[in-house]
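Worth knowing before you read on, the calculation uses all heavy atoms, side chains too, and leaves out hydrogens, waters and symmetry mates.
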Amino acid sequence: MSRRTGSSQRWRARQERDIYVEQATRAGWRSRAVFKLEQIQAKERLLKPGSVCVDLGSAPGSWSQLAAKLVSPGGRGVAVDLLPMETIPGVEFLQADFTVPETVAKLKQMLGGRHADLVMSDMAPNISGNRVMDQPRTMALLTDALVFATEVLKPNGDFLVKAFQGEVIDVFTRELRRHFATVKTIKPKASRPESREIYLLARTYGM
């Protein structure tokens, strides 16, 4: 059995045992990731009716699905990903590379002059396992997301971003504190225990 085949079988077995996968399928969500945002939302109340939300790294779309539901009526969502995403009512989607300046410009056009209440990012770089390579890639993506957030958030807006435990987190957290009143680290129950992923929530932009 090849290493790739063994890895694929372990992934399938894990998915079959995962209660969140089963719940997402049963409820019509596009992925189990929706429960991470749902659990954060339950405590933090980031999304409200009328809110404008930007979803970075949105495909397959479960975060945008939940956001569209929570910001209705009167709100709207804008989403971007390298991969295609099926249409979600109330969400305008752009399939493009977020790290390209032309994509950022297009996203701002899609906002139509409105500022966002929340920028959320579930993006992650391709992880190689080599820390020397992975940490700069992670930091670059986090920085791109933060720069975008500071350009489109309204005063007092919020920024939610996925990160990975490691040396870059302290550096990035210090940068977040330059722009936001509070920054906290969150590990939702739906995030697999063995995963190094965490979420950084920066609140009250411009304070």
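- Atom OG1 of residue Thr185 and atom CD of residue Gln165 lie 9.0 Å apart, to the nearest 0.5 angstrom.
- Residues Val21 and Ile19 fail the side-chain proximity criterion, which asks for heavy atoms closer than 4.5 Å.
- Panel note: side chain Glu197, backbone Lys162; no donor-acceptor pair is recorded below 3.5 Å.
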If you look only at distance, which donor and acceptor atoms sit under 3.5 Å apart when one is on a side chain in residues 72-91 and the other is two or more places apart or in another chain?
from  : atom 1 : to     : atom 2 : distance (Å)
Arg76 : NH1    : Met110 : O      : 2.8
Arg76 : NH2    : Glu92  : OE1    : 2.9
Arg76 : NH2    : Met110 : O      : 3.0
Asp81 : OD1    : Leu83  : N      : 2.8
Asp81 : OD2    : Ser58  : N      : 3.1
Asp81 : OD2    : Ala59  : N      : 3.0

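- For Arg174, there are no salt bridge (Lys or Arg N to Asp or Glu O under 4.0 Å) partners at least two apart in sequence or on another chain.
- For the salt bridge (Lys or Arg N to Asp or Glu O under 4.0 Å) test, no residue two or more places apart in sequence or in another chain qualifies with Asp144.
- One distance of note links CG of Asp122 with OG of Ser62; it measures 7.5 Å at 0.5 Å rounding.
- For Pro188 against Gln39, the heavy-atom pair with the smallest separation is CB-OE1, 3.4 Å.
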Inset, instruction - Please step through side chain to side chain contact (heavy atoms under 4.5 Å, CB included) for the pair Tyr20 and Lys36, ending with a clear verdict. - result: CA-CA 10 Å; Tyr20 291 111; Lys36 301 174 191 178; over 6 Å; no
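- Taking the salt bridge (Lys or Arg N to Asp or Glu O under 4.0 Å) definition, one finds that Glu175 meets it with Arg178, sequence neighbours left out.
- Residues Val171 and Val183 share a single hydrophobic cluster, defined by chaining ILVMFWY side chains whose heavy atoms lie under 4.5 Å apart.
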Inset, instruction - Start with the C-alpha distance between Leu142 and Val161, add both sets of side-chain angles, then the distance that settles side chain to side chain contact (heavy atoms under 4.5 Å, CB included), and finish with yes or no. - result: CA-CA 8 Å; Leu142 290 170; Val161 60; 3.5 Å; yes
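- Counting heavy atoms from C-beta outward, Leu160 and Leu37 have side chains that approach closer than 4.5 Å.
- Scored by the side-chain hydrogen bond (donor to acceptor under 3.5 Å, both in side chains) test, Ser64 finds Asp55 as partners (sequence neighbours excluded).
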Inset, instruction - Could you give me the CA-CA distance, side-chain angles and deciding distance for Leu56 and Val119, then say whether side chain to side chain contact (heavy atoms under 4.5 Å, CB included) is met? - result: CA-CA 8 Å; Leu56 308 178; Val119 173; 3.9 Å; yes
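- Atom CZ in Phe164 sits 9.5 Å away from atom CD1 in Ile198 (nearest 0.5 Å).
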Distance-only criterion, 3.5 Å: show the donor-acceptor pairs between side-chain atoms of residues 40-53 and protein atoms not counting sequence neighbours.
from  : atom 1 : to     : atom 2 : distance (Å)
Gln41 : OE1    : Leu46  : N      : 3.0
Gln41 : OE1    : Leu47  : N      : 3.0
Gln41 : NE2    : Leu47  : O      : 3.0
Glu44 : OE1    : Arg203 : NH1    : 3.4
Glu44 : OE2    : Lys184 : NZ     : 2.9
Lys48 : NZ     : Arg45  : O      : 2.9
Ser51 : OG     : Lys48  : N      : 3.2
Ser51 : OG     : Lys48  : O      : 2.9

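- You'll find the side chain of Val54 stays beyond 4.5 Å of the side chain of Met120, heavy atoms only.
- Pairs passing the side chain to side chain donor-acceptor pair (under 3.5 Å) check and including a residue from residues 146-155, sequence neighbours excluded, read Lys108-Glu151, Asp117-Lys154.
- Screening residues 68-92 for ring pair (Phe, Tyr, Trp, His ring centres under 6.0 Å), with sequence neighbours left out, gives no hits.
- Residues passing the ring pair (Phe, Tyr, Trp, His ring centres under 6.0 Å) test with Tyr199, sequence neighbours excluded: Trp63.
- A 4.5 Å side-chain heavy-atom check between Tyr205 and Phe159 finds every atom pair outside the cut-off.
- Look at Arg32 and Glu22 and you find no salt bridge, because none of the NZ, NE, NH1 or NH2 atoms lies under 4.0 Å from a carboxylate O.
- With sequence neighbours left out, the side chain to side chain contact (heavy atoms under 4.5 Å, CB included) criterion links Ala24 to Trp29, Phe35.
- Residue pairs meeting the side chain to side chain donor-acceptor pair (under 3.5 Å) criterion with at least one member in residues 94-103, sequence neighbours excluded, are Asp97-Thr99.
- Thr143 places a side-chain N or O within donor-acceptor distance of the main-chain N or O of Met139, the cut-off being under 3.5 Å.
- The stretch residues 84-126 participates, sequence neighbours left out, in these ring pair (Phe, Tyr, Trp, His ring centres under 6.0 Å) pairs: Phe98-Phe148.
- Side-chain atoms of Leu201 and Phe180, non-hydrogen and from C-beta on, never get closer than 4.5 Å to each other.
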